Amino acid sequence: MAAAEGAAMIELNDLTVRFGGVTALDAVSARFKAPVSGIIGPNGAGKTTTMNVISGFLRAQGSISAFGTDIARLAPHRRSQWGLRRSFQREQLADDLSVADNLQVILDALPGTAQEKRADLAQALEVTGLAARAQQLAGGLNTFERRLTDVARCLIGRPRLVMFDEPAGGLTQDETHRLGTLIAQVHGLTGALVLLIDHDVDLIQRLCSETLVLDFGRRIAFGETRAVLADPAVQAAYLGIEEAG
Amino acid sequence: MSTTLSGRIGVALALMAIVFLPMLIGGQWMRIFTSTACFTLAAAAAAFMYARLNMVSLAQVALMGVGGWVMLRLNHGTALPFEINLLLTGVLTAAISVLLALPALRMRGLYLALITLMIAGGLEVIFSTYRFPNGGTGFWGVMPSAAAPFRRPVLAESDGAYLRYVIAVVLIGFLLIDLHRRTRPGRAWAMIRRSEAAALASGVNVTAFKAWAFALSGLLAGLAGGLLAGALGLLDPATFRASESVLLFALSVVGGAQYWFGAVIAAALYRVLPALFNNAGIDPNLTLVIFGAALLHAITTAPDGIAGQIMGVFRGLTAWLRPKGRR
Ligand SMILES: Nc1ncnc2c1ncn2[C@@H]1O[C@H](COP(=O)(O)OP(=O)(O)OP(=O)(O)O)[C@@H](O)[C@H]1O
Ligand SMILES: [Mg+2]
C-alpha cells in the first residue's frame with residue numbers, strides 16, 4: 001500500500017536548522033531505507049531536532065520526502081494522519097487518560113469504522129503486553145509500561161514512519177532488551193520504516209542495519225551500522241563525550 | 001460507557017433538588033437559588049476549560065451577559081417560545097465565543113488569560129453603554145423607563161417551577177460536559193493539556209479542538225445567561241463586569257475545577273454566601289476577603305479545591321469502612 005505511492009524510503013535533503021547562533025542541523029542529508037535505522041551522536045548533536053523537523057514542530061531549510069510524499073508541506077497533525085508516529089525523549093502520555101484512550105486519540109483522527117479501530121487497538125495492546133492495563137489511567141503506569149504504551153501508540157492506525165527518541169531512557173538492561181525486541185517487530189507488524197535514536201550502542205547495533213551519526217549538527221557518518229561504528233571520526237566523537245562526561 | 005460514583009450521586013442530587021428544593025425554600029431564596037444554578041453552569045464552563053485544557057478563560061460571566069442580551073432581544077423581538085430562544089441563545093453565544101477567541105487560539109497560559117480578560121472588558125463597556133433590551137425598539141431594544149414582560153417557559157411560569165427548569169438545564173449542561181470528556185474531544189483535550197507537541201503527534205488538530213472548547217464554554221455560558229434573563233426578566237450591566245468573570249474563575253479554582261461539584265461550590269460561594277451575610281447583617285463585600293483567603297488556601301495547599309478535599313475525605317472514609325477492600 002505504502003510502496004505503491006513511491007519508493008519505500010525516507011529522504012532528508014540538506015536540512016538546516018538554526019536557533020539564534022546555534023546551528024542545530026547543518027545541511028544534513030540521508031536516505032533511510034532499512035526496516036530500522038539508527039540516529040546516534042553525542043548530547044546536543046541534533047538528533048531530536050531532526051525528529052522535530054520531520055514531525056513539523058520546527059521549520060527547517062531543505063526538504064523531506066517520505067515514500068515519495070513531500071511531507072514538509074503537511075501541517076504537523078496531518079503528518080500523523082498520513083502515518084507518522086513518534087515517541088518523545090521525555091514521554092508525553094496524557095496521565096488522566098486510560099492507556100487505551102492514549103491510543104484511541106490517534107485513531108480518532110483517522111478514517112475507518114469503530115470495529116476496525118477496536119481490533120487495531122486490541123492488537124497493539126496485545127503485542128505490547130498491555131491488554132490487562134488497557135483501562136488503567138496512564139498516570140498509574142511505571143516507566144517501562146509508559147514506554148510500552150509509547151510503542152503501542154506507534155503500532156496503530158497503519159503507520160508508515162515511526163520514530164523513537166531514546167525509548168530506552170531510564171529502563172533497566174532487561175527492560176531495554178524487551179523493548180528492543182518489540183521495536184524490532186514494528187516493521188514486520190505494520191510495514192512502517194523505523195528511525196531510532198538511542199545512546200545505547202548495543203541496542204542500536206542489535207536493531208539497526210543502517211545508522212546516521214550526527215555531531216554538532218553535522219552528518220559525520222551514514223551507512224551500514226557496523227561500518228559506521230568502526231569509523232574513526234565516529235569513535236572520536238564518542239571519545240569526546242566520554243572525556244566530557 | 002462507565003459512570004463514576006460521584007457522577008451518579010450528582011445526577012441523583014440534581015433530581016432530588018428538582019423535586020424538593022422549591023418546596024423547602026421560598027421568596028427571596030427561590031431567586032437566589034435560581035441565580036446560583038445559572039452561575040453554576042457558567043462556573044462549570046470555566047472549570048472544564050481549566051481542568052481539561054489548562055486554559056484560563058476570564059470571560060465566562062461576560063459571555064453570560066452576551067447570552068442574557070441575546071435572550072432578552074429574542075424575547076422582546078420575536079414571538080418564539082422560550083425553548084427556541086434559549087437554544088438560539090446558546091448557539092449564538094457559542095459562535096460569538098469562538099469568534100472572540102480566534103486571536104487567542106494560538107496562545108497559551110498568561111497571554112490567553114489576558115486576551116479573555118480584554119474581551120470581558122470590551123463586553124463590559126458594550127453592556128454599560130447600550131444596556132440590555134427591555135422591549136424598546138431598534139437593534140438595541142432599550143426603552144427609557146418601564147419594561148415589557150418576559151415570557152418564561154409555559155411549563156415553568158412560577159418561581160418554583162422555573163427553579164426546577166433551570167436545575168434541569170444545568171444538569172443537561174453537566175451531562176454535555178461529561179459526554180465531551182468521555183469521547184473524542186475529551187481525548188484530544190487531554191493530549192493538548194499534556195503538550196501541544198504530544199497532541200500534534202497524535203494527529204489532533206489543536207486549533208480546531210481549542211475552538212471547540214471555546215464553543216462549548218460559550219454555549220454553556222450563553223444558556224446560563226439566557227436562564228438568568230428568564231429568572232430576573234431584566235438584566236443589569238453591573239452583573240457582567242469583567243471583575244465578576246475574574247471572581248467566578250477564581251471561585252471555580254477554589255471550588256475545585258476537576259470535579260463537577262466544584263462548580264456548585266463555586267456558584268454557592270458566589271451567590272449564596274453574600275446573601276447569607278446580608279441576612280445576618282454583615283456587609284456582603286466581606287465575602288471578598290473570605291474568597292481571597294480561600295484562593296490562597298487553594299493555591300498553596302489544595303490544588304483540587306474544596307471539591308478535591310471533599311473527595312479526599314470521601315476516599316478516606318470508604319477505605320476506612322472497607323479495610324479489607326482495595327485501597
Ligand atoms: N528549541 C530550542 N531552542 C534553542 N536551542 C535548541 C532548541 N532545541 C534544541 N536546541 C539546541 O540544538 C542543539 C541540538 O539539540 P537536540 O535536542 O537536537 O540534541 P540531541 O542530539 O537530541 O541531544 P540529546 O542526546 O541530549 O537528546 C543543542 O545545542 C540544543 O541546545
Ligand atoms: Mg535528544
Side-chain angles (χ1 to χ4, degrees), chain A residues 48 51-52 54-58 74-112 114 117 121 135 137-140 146 149-150 152-154 156-159 161-165, chain B residues 1-7 47-55 105-106 108 177-213 256-260 262 303-304 307-308 311 315 326-327:
Chain A
T48 300
M51 282 195 182
N52 285 345
I54 298 175
S55 293
F57 301 159
L58 292 173
L74 300 176
H77 70 279
R78 294 259 175 239
R79 297 185 198 192
S80 163
Q81 291 162 12
W82 167 88
L84 180 64
R85 301 281 176 277
R86 73 171 288 179
S87 74
F88 291 86
Q89 192 165 349
R90 286 180 51 211
E91 52 77 20
Q92 302 277 324
L93 299 179
D95 284 345
D96 48 352
L97 290 186
S98 68
V99 171
D101 276 351
N102 267 287
L103 273 60
Q104 181 67 37
V105 67
I106 295 174
L107 296 174
D108 280 340
L110 300 175
K117 289 179 181 183
L121 198 149
Q135 297 311 320
L137 291 187
R146 297 177 84 86
T149 309
D150 267 341
R153 277 168 51 86
C154 292
I156 55 167
R158 295 170 186 256
L161 169 56
V162 173
M163 307 190 293
F164 293 106
D165 192 351
Chain B
M1 252 196 248
S2 65
T3 53
T4 59
L5 177 62
S6 99
F48 107 77
M49 295 264 278
Y50 185 57
R52 299 289 143 235
L53 286 109
N54 238 350
M55 297 205 295
L105 286 182
R106 294 192 183 279
R108 271 174 269 175
I177 294 176
D178 202 51
L179 182 69
H180 276 79
R181 188 175 63 78
R182 292 158 182 279
T183 52
R184 180 174 174 183
R187 292 188 282 268
W189 291 338
M191 289 315 295
I192 293 172
R193 189 158 85 100
R194 184 67 182 85
S195 77
E196 291 197 7
L200 292 170
S202 305
V204 171
N205 185 340
V206 171
T207 314
F209 277 97
K210 279 189 178 176
W212 191 328
Q258 291 287 348
Y259 303 97
W260 66 264
D304 284 339
M311 281 305 274
R315 287 200 193 102
R326 281 189 304 153
R327 297 211 312 135

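All chains are named by letter (A, B, ...) in the order of the sequence lines, taking the proteins before the strands, and each is independently numbered beginning at 1. As a basis for the values below, the full set of heavy atoms in this structure was taken, side chains included, without hydrogen atoms, waters or symmetry mates. Note that the structure is a prediction, hence the values are computed from the model and not measured.
Residue contact with chain B, scored on non-hydrogen atoms closer than 4.5 Å, involves the side chain of A/N102 exclusively. For B/R181, no part lies under 4.5 angstrom from a heavy atom of chain A. For A/L93, the part lying under 4.5 angstrom from a heavy atom of chain B is the backbone only.
Taken to the nearest 0.5 Å, the OG atom of B/S202 stands 3.5 Å off from the CZ atom of A/R153. To the nearest 0.5 Å, the span separating CZ on B/R187 from CG on A/L103 amounts to 11.0 Å.
When all heavy atoms of A/L97 and B/G186 are compared, the pair lying nearest together is CD2-O, 4.5 Å. Here the shortest heavy-atom pairing between A/F88 and B/A197 reads CZ-O, 3.7 Å. In plain terms, the two heavy atoms of B/G203 and A/A109 that are nearest each other are O-CB, 3.3 Å.
Of all the listed residues (A/P76, A/G56, A/A75), the one sharing the greatest number of non-hydrogen pairs under 4.5 Å with chain B is A/P76. Top candidate by heavy-atom pairs under 4.5 Å with chain B, chosen from A/S55, A/G157, A/A94, is A/A94.
Residue B/Y50 qualifies as open at atom OH: its count of foreign heavy atoms under 6.0 Å is 12 or below.
Of the options B/Q258, B/R194, B/R52, a side-chain contact (heavy atoms from CB on, under 4.5 Å) to A/D96 is made by B/R52 and by none of the others. When the options B/V204, B/N205, B/T207 are evaluated for a side-chain contact (heavy atoms from CB on, under 4.5 Å) with A/H77, the one that passes is B/N205.
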